[in-house]
Q: 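Below you'll find the structure I mean.
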Amino acid sequence: MAPRVLRSVEEVKAWGAELRRAGRRLALVPTMGFLHEGHLSLMREGRHRADVVATSIFVNPTQFGPKEDLSRYPRDFEGDLARCASAGVDVVFAPEAGAMYPPGYQTYVEVTEVSKGLCGDRRPGHFRGVATIVTQLLCLFRPDVALFGEKDYQQLQVIKAMNRDLHLGVDIVGMPTVREADGLAMSSRNAYLSPEERKRALALSRGLGAAQALARAGTSEASALTEAVRRELRAADLREDYVELVDAERLTPLPTLQPGQPARLLVAAFSGSTRLIDNQPIGG
Ligand code: PAF
C-alpha cells in the first residue's frame, strides 16, 4: 500500500498523538531520499521492531557546507514513495525546508567530542547540522526506535551520544552497510560516478578488505593497516581524504589494535570530484 505523505509539523504531531493513544510502537528511519537497498534494509528492520514505520525524506540544508552538493543532491520523490511502499513504510514525512527551519529558527545541537576528527574535521558544521535535524525529528515523532546505517559511522556515534546526553530515550539502532555485489558501499552519492569512476571507487572496500586480512594474519600497527588501504587508493588513482584506525566508540585514533578494544578502520576518498566514505570493524 502507498504510504501516507505528511508535509507539515502539525500533521506529524496529530498523527503521532493518535498513534501513542493507540499504544502502537513506532520506528523512524530518517533519510535524505534517493533511497537504495541500504535505506530499505533499515525500513524492513523497523518493521520487525515496531508496529508502525515512518520515514522522513528531507535534504537537510544545515548539514551541507557552502561548497557542497546541496542544490544538486539527487532526488526522486515518486520513485522513493514506491520503494517505501515495497519496504512496508506507513508514513513518509517530506517537509519543505521552511517547515524545519522557519523564520526565527535559532536552536542548534552540537556534540563536541565524537564530532571531532574524520568527517567532522573535513566538513566543518556537518555534524551540527545532522544532530540538529535528527534531534528535531526525534522530538517531533517521539519514536521508540530510530534506525541508521553504519556506512555513516561517525554520524551514528554522534546521534547515539546526542540521544544519550539529551535523554531522548530512543533506541538508536545501527545497521550493517549494504554493498553492491562487487563490494561498493551503497550511497545516494554513487549516482554522481561515471562508469570509470565507479570502477575506481572499489578501491575503498578493497583496501578495507586488505587491511582486514592483514589484521587477521596478526598485524596490529595502525600504520601498516592504513597503508594497506592507501596502497589500493593510490593504485586506483583516488585522492585520499583520510584513512584512520580509531576506537570504535570514542573515535579517538589508535596506534595499534589491542585485544578486547573494539576498533574501526575508516576511509574517505575522492573518485573524480565525488567524495566517498566507507568503514569496517577490524581486529577483535
Ligand atoms: O544519513 C542521512 O541521510 C542524513 O545525514 C540524516 C541522518 C537523514 C540527517 O539528515
Side-chain angles (χ1 to χ4, degrees), residues 6 9 12 27-43 45-46 53-65 68-77 79-80 83-84 87 89 91-101 105 107-111 114-115 118-120 122-141 143 145-163 166 168 170-178 185-192 266 268 274-279:
L6 306 180
V9 160
V12 176
L28 177 66
V29 180
T31 81
M32 299 206 300
F34 212 69
L35 304 174
H36 50 68
E37 233 355 90
H39 297 113
L40 302 192
S41 75
L42 305 179
M43 295 164 185
E45 182 65 20
V53 180
T55 287
S56 58
I57 295 180
F58 180 62
V59 182
N60 172 37
T62 62
Q63 69 187 73
F64 287 79
E68 293 184 354
D69 55 345
L70 172 62
S71 60
R72 63 183 196 109
Y73 195 84
R75 290 162 213 251
D76 174 20
F77 189 64
D80 284 348
R83 282 182 276 274
C84 285
V89 170
V91 156
V92 170
F93 177 48
E96 296 293 332
M100 304 314 286
Y101 300 104
Y105 187 88
T107 304
Y108 292 87
V109 178
E110 215 160 299
V111 177
V114 283
S115 297
L118 306 165
C119 291
R122 275 74 179 184
R123 303 182 67 189
H126 172 65
F127 289 122
R128 179 180 187 255
V130 169
T132 298
I133 195 64
V134 174
T135 301
Q136 282 206 53
L137 292 167
L138 296 184
C139 290
L140 187 54
F141 277 87
V145 49
L147 300 100
F148 300 86
E150 286 185 346
K151 210 247 338 169
D152 297 292
Y153 190 75
Q154 190 173 17
Q155 165 173 287
L156 177 62
Q157 303 313 313
V158 166
I159 291 167
K160 282 184 176 170
M162 167 204 104
N163 178 61
L166 298 180
L168 298 181
V170 179
D171 183 12
I172 303 291
V173 174
M175 292 291 292
T177 301
V178 177
M186 288 200 186
S187 163
S188 306
R189 288 191 168 97
N190 292 348
Y192 298 144
L266 294 95
T274 303
R275 184 176 179 279
L276 301 169
I277 57 174
D278 201 349
N279 70 86

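What you are looking at is a predicted structure, and each value in this text was computed from that prediction instead of being measured. Counting convention: from 1, in listed order, for ligands and their atoms alike.
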Q: With atoms numbered from 1 as shown, which atoms in ligand 1 lie under 4.0 angstrom from a non-hydrogen atom of Gln155?
A: 1 (O), 2 (C), 4 (C), 5 (O), 7 (C)
Q: Could you tell me whether the side chain of His39 reaches within less than 4.5 Å of the side chain of Ser188, counting heavy atoms only?
A: yes
Q: Could you work out, for atom 4 (C) of ligand 1, the closest of His39, Gln63, His126, Met100 by heavy-atom distance?
A: Gln63
Q: Can you confirm whether Leu276 sits close enough to Asn190 that some side-chain heavy atom of one is under 4.5 Å from a side-chain heavy atom of the other?
A: yes
Q: What are the atoms of ligand 1, with element, lying closer than 4.0 Å to any heavy atom of Ile133?
A: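 Taking each heavy atom of Ile133 in turn, ligand 1 has 9 (C), 10 (O) under 4.0 Å.
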Q: If only side-chain N and O atoms count, and only distance matters, is there a donor-acceptor pair under 3.5 Å linking Asn60 with Tyr101?
A: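 Yes, because at least one side-chain N or O of Tyr101 sits under 3.5 Å from a partner of the opposite role on Asn60.
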Q: Please determine if Asn60 has a nitrogen or oxygen closer than 3.5 Å to a nitrogen or oxygen of ligand 1.
A: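 By distance alone, the answer is no.
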Q: Which residue owns the protein heavy atom closest to atom 3 (O) of ligand 1, what's the atom, and how far is it?
A: Met32 CG, 3.6 Å
Q: Where the side chain of Tyr105 meets the backbone of Thr107, is there a donor-acceptor pair that is under 3.5 Å apart?
A: yes
Q: Under 4.0 Å from ligand 1, counting heavy atoms only, is it the side chain of Thr31, its backbone, both or neither?
A: backbone
Q: Say whether, by atom type as modelled, one donor and one acceptor occur between the side chain of Asp76 and the main chain of Phe34 under 3.5 angstrom.
A: no
